[in-house]
Amino acid sequence: MEPEPTVSQQLKEYLSVTGMTLKQFSDICGINAGTLSAMLNEQRRISMHNLDRLTRGMGLAEGSLYEAYLKGCLLNSPPDWRRMGPFIHRCAELDKLDCLERLVHALADHLAYIPLLFDMAELLWNEGKMDAAAVLYLCVAQCEKYQHSERLALSRYRLFTIELGNDQESNLRAAAWFEEYVDRLDESNQLDALKDLADVYASLHRWDRVQFFAEKLEHKSLIQYRHRLKRKRKEAVEDGPSRELLFYLLYAYLLMANVCDAYQEYDKALQYVNLYSNVKLLGVEKLSEAEQQVVRQFRQWGDGNAYLYRLMSGEVEILANYAEYVVHRAEERIPAMYRILQAANRFGLNVDHLLEPRRINLLFEKRSSLLGIYNAQIVANQYIRYLSELSLYHLRAQRYETGFRYLLEGLEWAMRYNHESMLIQCVRLFEQYRQEASESRREQYKNLICGVKKDEETKLLVDERVQLGSSCWTAG
């Protein structure tokens, strides 16, 4: 197999085929003819700026010469960050991840470049180039895995957040991998990391882990908040967490209330509602404008959750108040209707009057509050559970066609998010009412289940290949 031609060789070939002189091509690409001559004779290194000019001048797509440049100019010479840094950034801009990975793999042997790779990863992170940033963070994490540095912990945190997606089981693995690094983060990132971990476990209903991280979030946010109060507000730390410190303390109590709700300890949940709804109980009096915004949002959540916990404890007469609260808050309708349906199924309530007028609005979509966008995994979890409870409600009312329609929709969403517990719940519910399903619904269910089995077989095959590859790499 012939070696890939270098950039200089490709330029010579281009000039030969087109019959251009250096002066003519110089006018086209904007590079001095003398500089071009030195490049052709490989007497001068090609900069990234000139590489892109050559590419445009030769009429090639952006990045077409990057593989040749990487092999001929970067990997076969001593590392030079002045050229490698711009190359990494351009690869990120053009999504040339293969080139990026090859260069980063080569730089991993030079530990002096790890801090520079980390700084570049942070730059790409802030620019929203997450896939490229992940390549660099992974290299940093692997090279410093035996170190107890903040750089290692922050790389692991960034990788954790990048890996979060639609696959709930993958999210669980990502959270488990990241847990041990939380305490190594600096204060400016630790609170966000604890919240993110708690949110992932909440979306999976792993309430023991939610409680664990909620308690840590309460402890650490309370320490930081009290420390901040001792200082003048104008001396606030610039590189603090992404939200007001008060937010994390109140969010910890909201998480604890959710845990109590899951364990049906509604009186205890109401005590936590009181804590995050009334900050004066925490000794908080003077609030900044941003803190007042936080307090307003938690008070609003507290009003709704107080109705919810009273409803779930058996005070069914509070349903009308809760429904009225939800009517004026579109962003709360799906989670609220999920819980209203749960209460209806538990206590045998008729909530038909709450369903039809709102169905057109109860579609899966991103949700936001006064404080920003809701966690995507929690939103997906609530929507799937809403469909499950809605299907059960209709099936119990012997509205079988409607019930199976929502049930199979919920099964599809559970598959899409690889939400194992809800997938099992949907399957169990279908089997319970199978004899009432029409032939077309049974066929649809069969096709969906076959898709689940196929996905599982593919996942097992991929896992086996990964393990085999890892074993071979270790042995080598």
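Please read all numbers here as calculations on a predicted model, not as lab measurements.
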Original post:
Tell me, do R396 and Y433 make a side-chain contact under 4.5 Å, heavy atoms counted?
Top reply: yes
Subject >> Distance-only donor-acceptor check, side chains Y263 and N258, under 3.5 Å >> reply: no
**OP:** Could you pull out the closest heavy-atom pair between F347 and M312, with the gap in Å?
**Re:** CZ-O, 3.4 Å
**OP:** Give a yes or no on whether K268 atom NZ has more than 12 heavy-atom contacts from other residues, nucleotides or ligands under 6.0 Å away.
**Re:** no
Subject >> Within-4.5 Å side-chain heavy-atom neighbours: N381 and Q168 >> reply: yes
Original post:
Stepwise, does the salt bridge (Lys or Arg N to Asp or Glu O under 4.0 Å) test hold for R173 with E163?
Top reply: CA-CA 10 Å; R173 288 193 294 271; E163 289 169 9; over 6 Å; no
Original post:
Shortest non-hydrogen contact from L287 to L246?
Top reply: CD2-CD2, 3.9 Å
Original post:
Looking only at heavy atoms, what is the nearest atom pair of A198 and F213, with distance?
Top reply: CB-CB, 4.1 Å
Subject >> K96 side-chain N/O to G63 backbone N/O, donor-acceptor pair under 3.5 Å >> reply: yes
**OP:** Establish, from distance only, whether the side-chain atoms of Q211 and E215 form a donor-acceptor pair under 3.5 Å.
**Re:** yes
Original post:
Between D352 and Y393, is a side-chain hydrogen bond (donor to acceptor under 3.5 Å, both in side chains) present by the stated rule, with each step listed?
Top reply: CA-CA 10 Å; D352 288 355; Y393 179 78; 2.6 Å; yes
Original post:
D192 and Y248: side-chain hydrogen bond (donor to acceptor under 3.5 Å, both in side chains), yes or no, with the steps?
Top reply: CA-CA 8 Å; D192 284 315; Y248 299 97; 2.5 Å; yes
**OP:** Check whether the side chains of H394 and Q398 place a donor and an acceptor atom closer than 3.5 Å, and report yes or no.
**Re:** no
Original post:
Any side-chain heavy atom of L107 within less than 4.5 Å of one from D109?
Top reply: no
Original post:
When you check the gap from the basic side-chain N to the acidic O, do R339 and D261 get nearer than 4.0 Å?
Top reply: yes
Original post:
Shortest non-hydrogen contact from L191 to P241?
Top reply: CD1-CG, 4.2 Å
Subject >> Donor-acceptor side-chain pairing of Q300 and D303 below 3.5 angstrom >> reply: no
Original post:
Quick one: does NZ or CZ of R442 land under 6.0 Å from the six-membered ring centre of Y445, within 45 degrees of the ring axis?
Top reply: no
Subject >> D267 atom CG, neighbour heavy-atom count above 12 within 6.0 Å >> reply: no
Original post:
Quick check: are there more than 12 heavy atoms from other residues, nucleotides or ligands sitting under 6.0 Å from NE2 of H219?
Top reply: no
Subject >> Heavy-atom closest contact (V327 atom, R333 atom, distance) >> reply: O-NH2, 2.7 Å
**OP:** Find out whether L100 and L136 are in side-chain contact, i.e. whether some heavy atom of one side chain is under 4.5 Å from a heavy atom of the other.
**Re:** yes
Original post:
Is the gap between the ring centers of F430 and F404 under 6.0 Å?
Top reply: yes
**OP:** Check whether more than 12 heavy atoms from other residues, nucleotides or ligands sit under 6.0 Å from atom CD of E62, and answer yes or no.
**Re:** no
**OP:** Please find out if less than 6.0 Å separates the ring center of F87 from that of Y66.
**Re:** yes
Subject >> Passing candidate, salt bridge (charged side-chain N to carboxylate O under 4.0 Å, His left out) with R441, options E401, E436, E409 >> reply: E401
**OP:** Work out which heavy atom in V273 is nearest to a heavy atom in G302; give both atom names and the distance.
**Re:** CG1-O, 3.5 Å
**OP:** Could you please spell out the steps behind the ring-ring contact (aromatic ring centres under 6.0 Å, His included) verdict for F247 and F298?
**Re:** CA-CA 9 Å; F247 166 85; F298 276 92; 5.7 Å; yes
Original post:
Do K216 and D183 come close enough that some side-chain heavy atom pair is under 4.5 Å?
Top reply: yes
Subject >> Flag if over 12 foreign heavy atoms under 6.0 Å of NE2, H110 >> reply: yes
Original post:
Between W413 and Y383, does the ring centre distance come in under 6.0 Å?
Top reply: yes
Original post:
Any chance the side chains of D199 and Y251 put a donor and an acceptor closer than 3.5 Å?
Top reply: yes
**OP:** Please confirm whether Y157 and F178 have ring centers closer than 6.0 angstrom.
**Re:** yes
Original post:
Considering only heavy atoms from C-beta outward, does the side chain of N274 approach that of Y253 to under 4.5 Å?
Top reply: no
**OP:** Answer yes or no: is there an ion pair linking R428 with E431, defined by an N-O contact shorter than 4.0 Å?
**Re:** no
Original post:
Can a salt bridge be assigned to the pair K286 and E291 using a cut-off of 4.0 Å between side-chain N and carboxylate O?
Top reply: no
Original post:
Are any non-hydrogen side-chain atoms of L124 and H89 less than 4.5 angstrom apart?
Top reply: yes
**OP:** Could you please spell out the steps behind the salt bridge (Lys or Arg N to Asp or Glu O under 4.0 Å) verdict for D186 and R151?
**Re:** CA-CA 10 Å; D186 59 21; R151 187 163 54 222; over 6 Å; no
Original post:
In this structure, which one of R156, R184, R209, R206 forms a salt bridge (charged side-chain N to carboxylate O under 4.0 Å, His left out) with E179?
Top reply: R209
